[in-house]
Amino acid sequence: MVEIRELSEYIGDSVTVQGWVEQTRTHGKVAFTVVRDGTGLLQGVLVRTQVDDATWSIHGSLTQETLVTLTGEVKEDARAPGGYELSITDLKLIAPAPDYPIQPKEHGVDFLLDHRHLWLRHATQRAGLRVRAEVEQSIHDFLYERGFVRIDTPILTGAIGEHAGTLFETDYFGDRAFLAQTGQLYVEAACPAFRKVYCFGPTFRAEKSKTRRHLTEFWMVEPEVAFADSLENMRLQEDFISYIVARSLDRCGEELKILERDTSALELVKPPFPRISYSEAVEELRAGGSDIVWGQDLGATAEMALMAERELPLFVHDYPKKAKAFYMKENPEDPRTVLCDDLLVPEGYGEIIGGSQREDDLGRLQARIREEGLPEEAYVWYLDLRKYGSFPHSGFGLGIERTVAWITGGHHIRELIPFPRMMNRLYP
RNA sequence: UGGGGUGUAGCUCAACUGGCAGAGCGCCUGGCUGUUAACCAGGAGGUUGCAGGUUCGAGCCCUGCCGCCCCAGCCA
């Protein structure tokens, strides 16, 4: 048994390959079968006069996604998908696949999502998910090389997070528990232990969002760095994003081609990225005809307008305090704002990073928790971090699906996670 | 939660002004020695999302409900 990706080493040899039938075509006394084994595609060719009746009739009974073994001689052939062809001498049906639902044609999204467990097998989905895997690996590699220690943060928590109204609640031995909507507060705790840390995992938001940029369960990487200020934080972010994009271009060329991604915009992604303050963004928007006023958060329309003429990712930093989370550090030069940044990417993909310097002053942090009406008792341990050797630190969260959607040119982030969880979808 | 759209065969969609329920794909049968979502001929396949209403007659019009899609808000 050989893998299809190794076939170039077996030209002229007789080999056996096992895989799933993607398609069959019969043409009188010649028949073709395209088989996928998870490492590549192979076209098998069957000639009526060169095989016995039993083998020929097996071919006739093959349907899409039947598991088969093919034995025959390997040949190079430009006409074959994958570039290699097998002249079949023996064909065995291992497991049948009657009435496979997904045809090689257009389907509606709802139908495909109902069959997500099967849709994963198909070319565009394979390509997107492989890019995702490469993005994830490049995240680990980049951070590891820079001395970050991975910290796995809890998924079950008390009411710790940013907005209590968007937490999924579950029973915890008679008490209430919530699914984590960020690991950030926990990586902050690990910062004094390892200086540079990150968490990587699923996160949950019970927001009733129905857009192509939202899931209720999505994956996020959250680096946190002791002694980094907001400017260093942005430098880390632009290096990080540039590395991830370069790795995808380098190692996923085939996948991006299948996805028909024009990569010219991605080739430009190199540090430094342009930066504008929130206040400058508001001025720019007003000059462009928007009636946004200082203090309002930037919505999707505003973000789209800011990115319309830009080719590189853009940092928008130092937002009004009221528009941002309680843990962000007050800007000493303008106390109306906090030291934070959003990274917006071009081509309509919007925000992929939210980051900030954290409030390290115990008194101000306590005051902010009270202002937001958060349950103080849940934050006792978090405040301890300011009580025992408080230190300046910064970090950010990068959304995996949004990043992969941008890199692949995907229309909706639901296709860039194996099993999307959305407001109206918990199956399969 | 608002605004817009949509629901017809397993799938993707047609069906004029309200007048016999259609096609392609997939499936089944047959034909074809180089196909690339092959092609050709034939066949099976329907409670038009659900409930009511108007009408001689409703897939089409009206009311309510349900599902889904897109946009916005929220955010990554």
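Convention: sequence-line order gives letters A, B, ...; per-chain numbering from 1.
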Any idea how [X] and [Y] line up, ring-wise: parallel (<30°), tilted (30 to 60°), or perpendicular (>60°)?
X	Y	answer
A/Phe111	A/His107	parallel
A/Tyr186	A/Trp381	parallel
A/Phe142	A/Tyr243	tilted
A/Phe204	A/Phe168	perpendicular
A/Tyr379	A/Phe326	perpendicular

Toward the 5' end of RNA chain B, by each residue's nearest nucleotide, A/Arg212 or A/Met423: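 Between the two, 5'-proximity favours A/Met423.
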
Could you say whether A/Val47 or A/Thr211 is positioned toward the 5' end of RNA chain B, judged by the nucleotide with the nearest heavy atom to each?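 In this pair, the answer is A/Val47.
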
Looking at A/Asn424, I'd like to know whether one of its side-chain N or O atoms comes within less than 4.0 Å of OP1 or OP2 on B/C68.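 True: A/Asn424 side-chain N/O within range (under 4.0 Å) of B/C68 OP1/OP2.
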
Short side-chain N/O contact from A/His27 to OP1 or OP2 of B/G34, under 4.0 Å: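 Looking at the OP1 and OP2 atoms of B/G34, one of them is under 4.0 Å from a side-chain N or O of A/His27.
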
Nucleotide opposite [N] in a Watson-Crick or G-U pair, distances under 3.5 Å:
N	result
B/A72	B/U1
B/C27	B/G43
B/U8	none
B/G59	none

Can you tell me how far [atom1] in [N] sits from the matching atom in [M], rounded to whole Å?
N	M	atom1	result
B/A14	B/U6	P	10 Å
B/C70	B/U12	P	15 Å
B/G19	B/A51	C1'	25 Å
B/G59	B/A15	P	15 Å
B/A9	B/C25	C1'	12 Å
B/U36	B/C75	C1'	44 Å
B/G22	B/G43	P	14 Å
B/C39	B/C60	P	35 Å

What's [X] touching, base or sugar-phosphate or nothing? Going by heavy atoms closer than 4.0 Å.
X	result
A/His115	nothing
A/Gly350	nothing
A/Gly28	base
A/Glu401	nothing
A/Leu215	base
A/Pro101	nothing

Do [X] and [Y] have side-chain heavy atoms sitting under 4.5 Å apart?
X	Y	answer
A/Val269	A/Trp406	yes
A/Val316	A/Asp341	no
A/Leu343	A/Phe396	no

What nucleotide, of [options], holds the atom closest to the side chain of [X]?
X	options	result
A/Arg25	B/C69, B/G73, B/U36	B/U36
A/Lys105	B/U33, B/G34, B/G24	B/G24
A/Arg402	B/G24, B/U36, B/C75	B/C75
A/His214	B/C32, B/C74, B/U35	B/C74
A/Thr49	B/C75, B/U33, B/G34	B/U33
A/Lys210	B/A72, B/G10, B/A76	B/A72

Between B/U12 and A/Gln103, counting only base atoms on the nucleotide and side-chain atoms on the residue, is there a donor-acceptor pair under 3.5 Å?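 Per atom types, no contact qualifies.
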
Is there a donor and acceptor pair closer than 3.5 Å between the side chain of A/His107 and the base of B/C11?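 It does not, because no donor-acceptor pair links the side chain of A/His107 to the base of B/C11 below 3.5 Å.
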
Nucleotide [N], atom [atom2] - distance to [atom1] of [X] in whole Å:
X	N	atom1	atom2	value
A/Lys29	B/U33	NZ	C1'	8 Å
A/Arg36	B/U36	CZ	P	21 Å
A/Gln184	B/C75	CD	C1'	14 Å
A/Gln296	B/G73	CD	C1'	13 Å
A/Glu303	B/C75	CD	C1'	9 Å
A/Arg48	B/U33	CZ	P	12 Å
A/Leu86	B/G34	CG	C1'	16 Å
A/Leu298	B/C74	CG	C1'	14 Å

Compare the aromatic ring of A/Phe32 with the six-membered base ring of B/G34 and state whether they stack according to the 5.5 Å and 30° rule.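 Not stacked: fails the 5.5 Å / 30° test.
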
